[in-house]
Amino acid sequence: MAENETQTSPKEPLVKRVVHSIQRDPLPPEDDRGRMRIVMNNLFLHIHPTKTPKASLKFTYTFGLGGLLLLLASVLAITGVLLIFVYTPSPDAAYDSMIALQTEVYFGNLIRNLHHWAGNLMVVVAVLHLLRVFYTAAFSSPREFNWVMGVGMLLIVIAANFTGYLLPWDQLAYWAVTVGISLLDYVPLIGEPITRLLLGGSEVGAATLTNFYALHIAVIPLTLFGIASFHIWRVRKDKITVPRKISEEADQARVTTIPHLVSIEFVFALVWIALLLLWASFVNAPLEEAANPALSPNPAKAAWYFMGFQELLLHFHPVFGAIVIPGMGLLALLAIPYLDRDMDSVGVWFRSENGRWASLLSANLGVIGAFAFVLLDEYWLDLPGWLPFLPSYISNGWIPLAGLLLILIGFYEGMKALKATDCEARQALFTLLFSAFVTLTFIGIFFRGEGMAFVLPF
Ligand code: HEM
Ligand code: HEM
């Protein structure tokens, strides 16, 4: 068949041409030059391969989370650029820009709301995407490094939110950033110089606002864009992990990306844009009174994504709560694909029926364990008081850390005794730690009142 038969004629009306080009089977003729020409002429086929495994189109495999992250990043870039037209990054004018957005600028409030909620949602969606990749073992060879890049992007998304947090220059912004940045102070040797560099002085002030603004609108988005491009390119090169059911061969049947995948993505994006617009039309981004460095609120809480760490600080010596334990967690997260080499169950949700139950059990234990630990430490445990002759980095640092590690080793061995395989036991351990951390974050947000005392939210 002549190739021309499948081509649209330039004389056709535009709508018809677009419909034809979407319907056209973009599968190239068998020769490489034909394949290359079709890929080069189509934007979608720069991002996607020409054919996609049919099984991976199933929504409940990826839940479209990676695509949603790209959509949110685009919404942030567009609304962010619009905000720049109104926003002035100086302590005298920043807060007034917020009021102007609310009262004077056409659609200013909507744009600010969209930017605020899309940014916060991005943290949640990046974590959900990480969980989807983890529980389908999609980090396995050859995708190990893509996992590492993913962890890097999660940190960058958090940094983007943190730097953005300061910009409205209200009480919330000023004090959350003051608390958040004080966590850095505990890093031995480099903590203090890095804090001073970021702050541009010894406390949050005009120089901090300029620094955060430059990081927020230029350095961080460009870095994210660079790594995300590399991430997507790797997904294309390594091919997406093919999903399958327990004890079922992977379904290798493939369909053309256009229209099968692209049409799903298009509808998904439209639905999310509608949801975001609806939410941002009715729910305002928080704004308190203008920042007042002389009046600290009580309690002074960090941004919600740092509350798990702020909660850890209440129970451990600061170096352990802010640095050692989060640092160990980060290293373990980065090492996951290099430790887990079990390729048999890649693409199977939770690896096996056993793995599913072990994860469910561990998630519940994580919630109960974290609550029990917080209450125990709040009302009974007092290692520094019981061991006054030891320096606090031992009584409140090394000793509880050793206790924690013993509990985790005991848990891992317990899982294996319950007939979990090595990789199921590792998955259960990750689940336990993740759900405990999320619980600590919830406790920090909802169960901490004046002076960070434990209070009931109801
Ligand atoms: C801004 C952040 C991110 C963006 C824009 C992004 C984007 C994407 C996209 C579009 C895909 C294609 C498949 C899918 O939608 O699931 C993907 C896959 C993948 N992502 Fe991400 N991602 C981000 C963060 C992360 C994080 C935090 C991790 C894990 C730590 C991660 C690890 C991976 C891996 C290993 C794959 C391959 C999955 C497979 O083969 O099934 N990504 N990512
Ligand atoms: C991953 C990317 C980004 C995230 C997560 C993010 C997040 C945020 C957040 C949470 C705020 C505070 C919003 C508020 O409560 O008012 C903010 C403010 C701001 N962002 Fe972004 N942002 C991102 C990218 C960008 C980009 C690319 C630009 C511009 C090129 C930008 C420009 C601004 C400006 C001018 C403000 C101050 C105005 C305001 O607070 O409403 N942002 N950002």
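Atoms within each ligand, like the ligands themselves, are counted from 1 in listed order.
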R448: partners by salt bridge (Lys or Arg N to Asp or Glu O under 4.0 Å), with sequence neighbours left out:
E311, E378
Nearest-neighbour protein heavy atom for atom 29 (C) of ligand 1, which is reported as residue plus atom name and distance
W147 CE3, 3.6 Å
Can you report which non-hydrogen protein atom sits closest to atom 13 (C) of ligand 1, along with the distance?
I240 CD1, 3.5 Å
Of all protein heavy atoms, the one nearest atom 39 (C) of ligand 2 is M98 CE, 3.2 Å
Among all residues two or more places apart in sequence or in another chain, which pass the salt bridge (Lys or Arg N to Asp or Glu O under 4.0 Å) test with D238?
R234
Any atoms of ligand 2 less than 4.0 Å from a non-hydrogen atom of L224? List them with their elements.
1 (C)
Does a side-chain N-to-carboxylate-O contact under 4.0 Å join D185 and R196?
no
Just which atoms of ligand 1 are under 4.0 Å from any heavy atom in A138?
35 (C), 38 (C), 39 (C), 41 (O)
Quick test: of every protein heavy atom, which one is nearest to atom 40 (O) of ligand 1, and how far off is it to 0.1 Å?
T241 OG1, 2.7 Å
Residue, atom and distance of the protein heavy atom nearest atom 1 (C) of ligand 1 read M122 CE, 3.9 Å
Protein N/O/S atoms closer than 2.8 Å to atom 21 (Fe) of ligand 1, ordered by chain and number, come to H129 NE2, H231 NE2
Starting from atom 15 (O) of ligand 2, which protein heavy atom do you reach first, and at what distance in Å?
H116 ND1, 2.8 Å
Just which atoms of ligand 2 are under 4.0 Å from any heavy atom in P221?
27 (C)
Enclosure of Y106 OH (heavy-atom neighbours >12, cutoff 6.0 Å)
no
Is R143 in polar range of ligand 1, meaning some N or O pair under 3.5 Å apart?
yes
Looking only at protein heavy atoms, identify the closest one to atom 41 (O) of ligand 2 and say how far it is in Å.
R112 CG, 3.4 Å
Short N or O distance, R132 and ligand 1, threshold 3.5 Å exclusive:
yes
If we check side-chain contact (heavy atoms from CB on, under 4.5 Å) with H115, which of these qualifies: T79, I78, V75?
T79
Around atom 21 (Fe) of ligand 2, what protein N, O or S atoms are found below 2.8 Å?
H115 NE2, H216 NE2
